[in-house]
Amino acid sequence: MTGRPFNMENKFDVIVIGAGASGLAAAIEAARAGASVLVLEKNHVPGRKLLSTGSGKCNFSNLEIKPSAYHPPRPAFLKKVFSSLPPAEVLSFFKELGLLWTEREKGRLFPRSLKAQDIANLLLNQLELLKVRIQTLTEARSVSMENGSFLVEAEKTAPKWDKSASPAQKAIFRAGRLILAAGGAAYPQIGGGSGGYRILRELGHAVAEISPAVVPLRIKGNFVKEMEGVRLDAVLTLRTENSFLAKTAGELLFTSYGISGPAVLDLSRAALSALAEGPAFIEADFFPDYKTPELERLLAERAASFSGRPFRHFTCGLLNGKVIRAAAARAGIDWDAPALPGCAPGLAAALKSFTLEAAGSLGFEDAMVTAGGCALSEVNPQDFASRKIKGLYVTGELLDLDGDSGGYNLHLAWTSGILAGRSAGRKQPA
Ligand SMILES: Cc1cc2nc3c(=O)[nH]c(=O)nc-3n(C[C@H](O)[C@H](O)[C@H](O)COP(=O)(O)OP(=O)(O)OC[C@H]3O[C@@H](n4cnc5c(N)ncnc54)[C@H](O)[C@@H]3O)c2cc1C
């Protein structure tokens, strides 16, 4: 290998590739089990993606961890995972680190401080106590085997902002066990990439095709631009031309390209798979707390009491003005004409069933998670050890298992990391 070597010890019991959620948890458990551990991280700081989770608040788990929150459906695999490490034990892991947490809607758990940085710091403080070495700005490029050991070829790069730094240095690190915790392809701006999948393939693992999941959607038509910035609660129904597919409720956000927000992210996986087969539609109900006849009555009575005044006066205070205007346009109502009770049925229909046609996703750049990855049939659910290569472990988002939004993805990252770390860190028979 060319390049100057790192000035450091390069032989360890366990190497962890990736200082993200699963890698940091794995390194803690491996070190607690008595192993010497090296963590390689390509970013300039460990846990960079963690800091962005839950909009900086980190929805780190959920009170109701259930197999049905994960895709594709793998209930048997997940049942074994959650009986090997019950969800309550993941919370105990964090309690021991010193975390206090708080519950939000739908069982979502956040640090009490609502700061993702606290979760990252608790993990990093523990690693400091355990004297685990974290080598940042160091990217694992390839992995090979020699006499039962793993050889990791890595490259140490300079931070992007340091123009005077010396050229990349290369080195080989050696370990008896390797935990591949390199994460998925989502959010390349903060460390996402497909390098982990490439290493898995090179090692002979089957990798299911990857695609963005939990992702904002692009919508057909220009009108969404007029609604850019609108944020409101709605019930969303996903359907094709012939059938109903799924329903979500929560915040909906209109952006320059389409729609986002928790209600959309929860629907995105089903919307994209429907779109792969044909047209897919999302119907937004902006008045879910009113049945259609009730809303018609409300609008008709209101129009009567605003008699003679322009329609725009009648709508002021009903709902976000941009939404009403778009619904009125769909109902063929003249914005400047006088409000008439006869407009009620058309307007109620447009507000109860505001149809948007999906055009695709925003891609990995804006996706929270990666669907696809390492075949679960090749991984032991009790410790995430590879069934193909002795001493190799695969954790977190690299697995062909992605969760709904709500803390499920991080929960899986902690669970797989803890189980893999415990197993990899155990003294191996000579
Ligand atoms: C914006 C955003 C918000 C999110 N919010 C939530 C949330 O609130 N709740 C939730 O449950 N999930 C959330 N997720 C998803 C969650 O963050 C991931 O599922 C989880 O972090 C996956 O953990 P991981 O250990 O597999 O990978 P990561 O946490 O992504 O860590 C992988 C690490 O490996 C490093 N790496 C990659 N390749 C190499 C290499 N070759 N050499 C060295 N280092 C390498 C990366 O830089 C990264 O630090 C969010 C995701 C995003 C993008």
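Computed from a prediction, not measured in an experiment: that's the story for all the values here. Counting starts at 1 for both ligands and their atoms, following the listed order.
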Would you call Arg174-Glu146 a salt bridge at under 4.0 Å N-O? yes

Given Glu139, Glu365, Glu397, which one has a non-hydrogen atom that is nearest to atom 18 (C) of ligand 1? Glu397

Residue, atom and distance of the protein heavy atom nearest atom 34 (O) of ligand 1 read Gly18 CA, 3.1 Å

Numbering the atoms of ligand 1 from 1, which are under 4.0 Å from a heavy atom of Gly191? 46 (C), 47 (O)

Polar contacts were defined as any N/O atom of the residue lying under 3.5 Å from an N/O atom of the ligand; does this apply to Leu410 and ligand 1? yes

Less than 4.0 angstrom from a charged side-chain N to a carboxylate O is my criterion; do Glu153 and Arg141 meet it? no

Atom 8 (O) of ligand 1 - nearest protein heavy atom and its distance: Gly54 N, 2.9 Å

Min N/O separation Ser52 to ligand 1 under 3.5 Å: no

Pair Ser61-His411, side-chain donor/acceptor within less than 3.5 Å: yes

Among Gly396, Ser194, Ala181, closest by heavy atom to atom 32 (C) of ligand 1 is Ala181

Atom 2 (C) of ligand 1 - nearest protein heavy atom and its distance: Met368 SD, 3.5 Å

Under 6.0 Å between the ring centres of Phe94 and Trp414? yes

Starting from atom 9 (N) of ligand 1, locate the nearest protein heavy atom and write down its residue, its atom name and how far away it is, to 0.1 Å. Asn59 O, 2.9 Å

List in chain and number order the residues that pass ring pair (Phe, Tyr, Trp, His ring centres under 6.0 Å) with Phe287, two or more places apart in sequence or in another chain; answer none if no residue qualifies. Tyr290

Quick one: does Leu410's side chain get under 4.5 Å of Thr53's, heavy atoms only? yes

Tell me which part of Phe60 gets within contact of ligand 1: side chain, backbone, both or neither, using heavy atoms under 4.0 Å. neither

Starting from atom 27 (O) of ligand 1, which protein heavy atom do you reach first, and at what distance in Å? Gly183 CA, 3.3 Å

Quick note on ligand 1: atoms under 4.0 Å from a heavy atom of Asn43 include exactly 47 (O)

After noting the C-alpha distance and the side-chain angles of Met227 and Val323, does the key distance pass the side chain to side chain contact (heavy atoms under 4.5 Å, CB included) rule? CA-CA 7 Å; Met227 295 169 80; Val323 174; 3.9 Å; yes

If I apply the N/O under 3.5 Å rule, does Thr53 come out as touching ligand 1? no

Write out the residue and atom name of the closest protein heavy atom to atom 38 (N) of ligand 1, then the distance separating them to 0.1 Å. Ala182 CB, 3.5 Å

Closest non-hydrogen protein atom to atom 24 (P) of ligand 1, residue and atom name please, with distance? Ser22 OG, 3.7 Å

Leu412 to ligand 1, any heavy atom closer than 4.0 Å: no

Nearest to atom 49 (O) of ligand 1 by heavy atom, Glu41, Arg48, Lys42, Glu155: which? Glu41

Under 4.0 Å from any heavy atom of Leu40, which atoms of ligand 1 are there? 43 (C), 44 (N)

Pairs of nitrogen or oxygen atoms closer than 3.5 Å, one from Tyr187 and one from ligand 1: do any exist? no

Checking contacts here: is it the side chain or the backbone of Ala413 that comes within 4.0 Å of ligand 1, counting heavy atoms only? Could be both or neither. side chain

In terms of atom number and element, which parts of ligand 1 are under 4.0 angstrom from non-hydrogen atoms of Asn409? 11 (O), 12 (N), 19 (O)

Quick one: look up the protein heavy atom nearest atom 42 (N) of ligand 1 and list residue, atom name and how far away it is. Ala140 N, 2.9 Å

Subset of ligand 1 atoms that lie under 4.0 Å from at least one heavy atom of Tyr408: 11 (O)

At under 4.0 Å between heavy atoms, what of Ile199 touches ligand 1? The answer is neither

Tell me, with the steps shown, if Phe364 and Tyr187 meet ring pair (Phe, Tyr, Trp, His ring centres under 6.0 Å). CA-CA 6 Å; Phe364 284 118; Tyr187 261 69; over 10 Å; no

Under 3.5 Å, is there a donor-acceptor pair between the Asp266 and Thr248 side chains? no

Per the side-chain contact (heavy atoms from CB on, under 4.5 Å) rule, which among Thr292, Leu236, Thr237, Val235 passes with Asp285? Val235

Mind checking whether Gly193 has a heavy atom under 4.0 Å from ligand 1? no

